[in-house]
Amino acid sequence: MNFEFKKGHPLELPQSGGSLQNPTQTKLLNLELVVQQEHKSETSNRIYQSALNQSGVTPELTHLRLFNRSTIKLFKLDEKASRPDILLEEVLSWTGGQPFLTQKLCQLLAEFEALIGAGEEAATVQQLVQSLISHWETQAASEHLKSIWEGLVTNKQCDPSSLLQLYQQILYLGEVPTDESPIQAELLNLGLVVQQKDKLKVSNRIYQSVFNQSWIDQELARLRPLFKLDEKASRPNVLLQEVVSWTGGQPFLTQKLYQLLAEFEALIGAGEEAATVQQLVETRLINHWETQAASEHLKAIHFGLVRNKQCESSSLLRLYQQILYLGEVPTDKSPVQAELLNLGLVVQQKDKLKVSNRIYQSVFNQQWIDQELARLRPFTHSTIKSFKLDEKASRPDILLEEVLSWTGGQPFLTQKLCQLLAEFEAFIGPGEEAARVQQFVQSLISHWETQAASKHLKSIRFGLVRNKQCDRSSLLRLYQQILVHKQVPVDKSPVQAELVNLGLVVQQEDKLKISNRIYESVFDLNWVTQELEKSLESSPSQKTRSTQSKPVPESASFEATNTISNPRNTIFQRIWVLLGIVGLVVLGVNVIRFNFFRQPEVETLFQQANELYYQGKSKEAITKYNEILNIDSNYYQAWTNRGYALGSLQEYNKMVESCSAATIIEPKAVYAWSCKGEGLHNLKQYEQAIAAFNEAITLDSKDPVFWINKTESLLALKETDKALAAIDEAIKLFEQIKEKETSKQNLSVAFSHKGKVLSQKQEYGEALKAYDQALAYNPNYFAAQRGRGIALQGLKRYDEAIVQFNQMVNGSKLTQAQKAETWYYLGLTQCRSSEIQKGLIAFEEALKLKSDYSAAQKAKMNCTP
C-alpha cells in the first residue's frame with residue numbers, strides 16, 4: 001500500500017468510526033511512529049514526520065526503525081542530550097535517512113563526552129559531521145564514501161565524465177527532472193541521488209559536502225589528462241557537455257570522441273565547442289562510418305540488427321524505424337523491444353523507448369533502414385513457405401539469414417541455395433544452419449563450371465573477359481583492386497559502371513564492394529591473375545621501369561585538416577608509397593654482395609616476387625616471398641620485402657612481424673629497420689616507430705629517407721622542435737645528392753615537409769619561406785602550392801592567399817580531388833576576408849567536383865556575414 005506524504009504537513013491516516021481498521025495503521029501505532037488523536041492518526045514527532053517524508057512508505061518498516069525511540073535507546077541518546085528527539089532530527093537533516101551515515105553519526109554522538117543541552121544540538125551534530133567530512137578518506141565513514149567515489153570515477157556501466165557532469169548539474173540546480181536515462185539510473189543505483197516525485201536530488205548534505213564542486217572539478221581534471229582536454233579548450237566542461245549531447249553518455253563513443261578531440265590540432269575557443277564536436281562527429285565517426293574511428297562498435301550493432309539470432313531482422317528494423325520516426329514508443333516488454341535494448345541501440349526512459357544517442361540516429365538513419373529492409377524483403381515468410389524451409393529447419397529464419405550472408409541478396413543465387421536446402425533430406429537443428437548452408441555453397445563453388453549455378457556464373461565471367469564496352473584488362477585490374485582492398489571509392493568511370501552493370505560489385509554509399517561471398521570465392525585472386533596473364537600474352541610486352549636512385553614520392557596532402565582523401569590512407573601510404581620499391585632495388589643489389597652463393601632457384605623467385613610487387617600484385621608477391629622463406633628462412637631481404645608487400649595491403653601488424661624477423665636475422669639490415677618503423681607508425685605506435693627509425697639512422701645516417709620518416713612520427717607526437725631538427729638534417733643530406741634533377745624533386749618534397757612542421761608550430765612566416773623554397777625546386781608541386789596558401793592564410797594575408805589559390809585553380813594541372821580541395825581553401829580564405837559571396841561560389845565549385853565533400857558543405861553553411 002502506498003501513501004503520499006506532503007512535506008511540511010502531519011501524516012494523517014484516515015480512520016473509520018474512530019478506530020484503526022487496517023493493519024498498516026496498527027503496526028505504525030505499535031512502533032510509536034504515529035499517535036491516535038480523535039479521528040485521525042498523526043506522526044508522533046518531527047523526526048518521524050521528516051523520515052516518512054524522505055522515504056515514503058513502501059520500505060517503511062525497515063528504514064524508519066532507525067529513527068524511532070528504540071534507536072534513541074540503542075545509542076543511549078536520551079542520556080547524551082536533554083532533547084534526544086531534536087538531536088536525532090539534526091542527524092537526519094544531514095544524513096537524509098541514509099542508514100549507514102545515520103548509524104555512524106549516532107555512534108559518534110554516543111561516544112561524545114559532554115551532555116548536549118537544549119539549543120546545542122545543531123552545533124554538536126555539525127561538529128561531528130565535520131569530523132566525517134574533513135579528510136574523509138581516513139575518517140569513520142571512509143569505506144562507505146570511497147565506494148561511492150569509485151562507483152563514480154571507475155564506472156563500468158556509464159562514462160565517468162558523463163556521471164560527474166550530471167551530478168554536477170543536480171548539485172548546482174538543486175534538482176533535475178527524471179528521464180530514466182542510463183546515467184540517471186546509475187547515479188540512483190550508487191545512492192548518490194534520490195528520486196522525489198519526478199525530480200532527482202542529492203541524497204543528503206554529507207554527500208553534498210564531500211562530493212562538492214571542488215571535488216567534481218578535481219575528478220574531471222583527473223579524467224581529462226588521459227586526453228588533455230584542458231589543453232585543448234578554454235572551456236573544457238562545455239566541451240565535455242557537447243560530447244555527451246552526441247553520445248548520450250555511451251562509454252565507447254564518449255571516449256572515442258575525447259580521443260579525437262585530444263588529437264585535434266587547434267585550440268577550441270569559447271563558443272566553438274559545438275561546431276568543433278559536430279565537425280569531428282560528422283567527419284570522423286558518421287560519414288563513411290564503416291572505415292572510421294568507431295567502425296567496429298557500429299558494425300557490431302549493424303550485425304546485431306541484420307543477423308540477429310534471437311529475433312527476426314525485419315521485425316527489429318521495423319520497430320527501430322518506428323522509434324526513429326516517432327521519437328519514442330511505449331514499452332511493452334516484447335522480445336523485439338528487449339533485443340533492441342540489449343543491442344544498446346535504444347534506451348528506456350520512464351515507460352518509453354528512445355534511440356540511445358544522436359550518433360546512432362545519424363548512422364542508422366531512415367535511408368539505411370530502407371536499404372536493409374530492401375535487402376531482406378525478398379526473403380520474407382512467404383519465401384520460407386515457398387521452399388518449405390519451415391519443414392526443413394527448426395529455425396527457418398536463421399537458416400535464411402545464413403543463405404543471405406553468402407548471396408548478399410542476389411535473387412538467382414538465393415533461390416538456388418533455397419532450392420538445394422528444400423531438397424535436403426535431413427532435418428536441420430538449432431546451431432546447424434551455418435554448416436549446412438556452407439556445405440551447399442561449397443557444392444556451388446567447387447568445379448563451378450559444371451554445378452547448379454554454372455550458367456549464371458559463366459555469364460558473369462563472359463561479361464568480364466569478353467566485354468564489348470570496356471577493355472578486359474581494365475575491368476580485371478579494377479576488380480582485382482576491389483578484391484584486395486575490399487572496397488574502392490566510386491568515381492563513376494565507365495569501367496566501374498560496367499562492373500556494377502554485370503552485378504559483380506555493388507555500390508554502398510560512395511564505395512564499390514564485391515556483391516557477395518560466392519562471387520568472391522569463385523572469381524578470386526588466383527582466377528583474376530590467370531585471366532590477366534592471358535591478357536598479357538595477347539598484348540605487346542611492356543618495358544619494365546628501372547629505378548637506380550632513391551626517389552622521394554610526392555605527397556598528395558599533409559597540412560589539410562579536411563581533405564578529400566580516404567582517412568585510412570595514412571601518412572606513409574601517401575608519402576612513402578615508393579619506399580618499398582627503393583628497398584627492393586637496394587636490397588636486390590645487396591643480394592649480389594651478401595648472398596653470392598645462394599641457390600639460383602631462390603634468386604629467380606626473389607626477382608619474380610619483386611616484379612609482382614612492382615606491378616602492384618602484393619598478395620601474389622607475398623606468396624612468392626613465402627616460397628623463398630620455406631627454402632631459406634634466413635633470407636632477410638625476403639622478410640623485409642615481404643613486410644613492404646604486407647604494408648601495401650594495410651596489414652601493418654604482419655608487416656612489423658616480417659620486418660622484425662629480418663632485423664633479428666641481420667641486425668644491420670637497415671631497410672628492415674625502416675620497414676618496421678613504417679609499420680609501427682601506421683599502427684600509431686609512434687615512440688616505437690621512432691626507435692626503429694633511429695636504428696636505421698645509426699646504421700646509415702646519410703640516408704635522408706630515414707630522417708623524413710622520423711619527422712612524421714615526431715610530428716604525430718607533436719614534438720615539433722625535434723621534428724624540425726630531423727627535417728633540416730634530411731634537407732642537408734638531399735642537398736649533397738649529385739643527381740641534379742632527382743635532388744630538385746627530393747628537395748621540393750623535403751622543404752614542403754619543413755613547411756608542415758613550421759605550420760604546426762604556428763610559425764607561419766617561416767613556413768611560408770619553406771614552401772617558397774620548395775616551389776623554387778618544383779614550381780608545380782601541389783602540396784607546396786597549397787601549403788603556401790594556407791601559410792598566407794595563417795598570416796592573415798588573405799589577398800595573397802586568394803591569389804595563390806586562384807593561380808592553382810586556373811594554371812596548374814590538378815586532379816579532380818586536388819581542384820576540389822583548392823576551391824575549398826579559396827572559399828575559406830574569401831569567407832575570412834569577408835568576401836562572402838565569392839566564398840560561397842568557391843564552395844559550390846568544390847561541391848560540383850566532389851558532391852559529398854562534407855568539409856565544403858559545412859564551410860558553406862558557416863560562411864555568413
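- Without hydrogens or angle criteria, Q292 side chain to T283 main chain gives a donor-acceptor distance under 3.5 Å.
- Remark: side-chain polar atoms of S142 are not paired, donor with acceptor, to backbone N or O of T138 under 3.5 angstrom.
- The CG atom of L92 sits 11.5 Å away from atom CG of L101, with the distance rounded to the nearest 0.5 Å.
- Inter-residue side-chain proximity for Q337 and V329 is flagged as met; some heavy-atom pair is nearer than 4.5 Å.
- Using a 4.0 Å cut-off between charged nitrogen and carboxylate oxygen, K858 and E282 do not count as a salt-bridge pair.
- The backbone N or O of Q361 sits nowhere less than 3.5 Å from a side-chain atom of N365 that would complete a donor-acceptor pair.
- Pairing each heavy atom of L163 with each of G151, the nearest pair is CD1-O, 4.1 Å.
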Exercise. For side chain to side chain contact (heavy atoms under 4.5 Å, CB included), just list the numbers for L280 and W246, CA-CA rounded to whole Å, side-chain angles, deciding distance to a tenth of an Å, and then say yes or no.
Key: CA-CA 11 Å; L280 288 175; W246 277 95; over 6 Å; no

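- The backbone N or O of G344 sits less than 3.5 Å from a side-chain atom of S356, completing a donor-acceptor pair.
- Counting non-hydrogen atoms of neighbouring residues, nucleotides and ligands closer than 6.0 angstrom, the CD atom of Q130 exceeds 12 such neighbours.
- Two residues are said to be in side-chain contact when any heavy atoms from C-beta on lie closer than 4.5 Å; P177 and D198 fail this criterion.
- With values rounded to the nearest 0.5 angstrom, L190 atom CG is found 11.0 Å from E150 atom CD.
- Side-chain contact check for L145 versus F211: some heavy-atom pair is nearer than 4.5 Å.
- The distance between the ring centers of F364 and W289 falls below 6.0 angstrom.
- Atom CD of Q241 sits about 5.5 Å away from atom CD of Q165, to the nearest 0.5 Å.
- Side chains of V757 and E763 form no contact here, defined as non-hydrogen atoms less than 4.5 Å apart.
- A side-chain donor-acceptor contact under 3.5 Å links E273 to the backbone of G271.
- Residues E137 and W149 form no side-chain contact, since every pair of their non-hydrogen atoms from C-beta on lies 4.5 Å or further apart.
- Nearest heavy atoms, S82 versus A118: OG-N, 3.1 Å.
- A donor-acceptor distance shorter than 3.5 angstrom exists from the side chain of E120 to the backbone of G117, with no hydrogens or angles considered.
- Counting heavy atoms from C-beta outward, V243 and D159 have side chains that stay 4.5 Å or more apart.
- Side-chain contact between F112 and Q127 is present, with heavy atoms from C-beta onward closer than 4.5 Å.
- By the 4.5 Å heavy-atom criterion applied to side chains, W368 and L317 are counted as neighbours.
- Summarising the geometry of L261 relative to K232, their closest heavy-atom pair is O-CE, 3.3 Å, with the distance given to 0.1 Å.
- Relative orientation of the H144 and F100 rings is parallel, given thresholds of 30° and 60° on the angle between their planes.
- Here the shortest heavy-atom pairing between K201 and E175 reads CE-OE1, 2.9 Å.
- Nearest heavy-atom pair, L239 versus V277, reported as atom, atom and distance to 0.1 Å: CD1-CG2, 3.8 Å.
- Each of L345, L340, L341 was compared with L353 under the side-chain contact (heavy atoms from CB on, under 4.5 Å) criterion, and only L341 meets it.
- Put simply, CG on L166 and OG on S161 are 12.5 Å apart, with the number rounded to the nearest 0.5 Å.
- In this structure a side-chain-to-backbone donor-acceptor pair under 3.5 Å is present from Q195 to K197.
- Judged by distance alone, the side chain of T102 and the main-chain N or O of T95 form no donor-acceptor pair under 3.5 Å.
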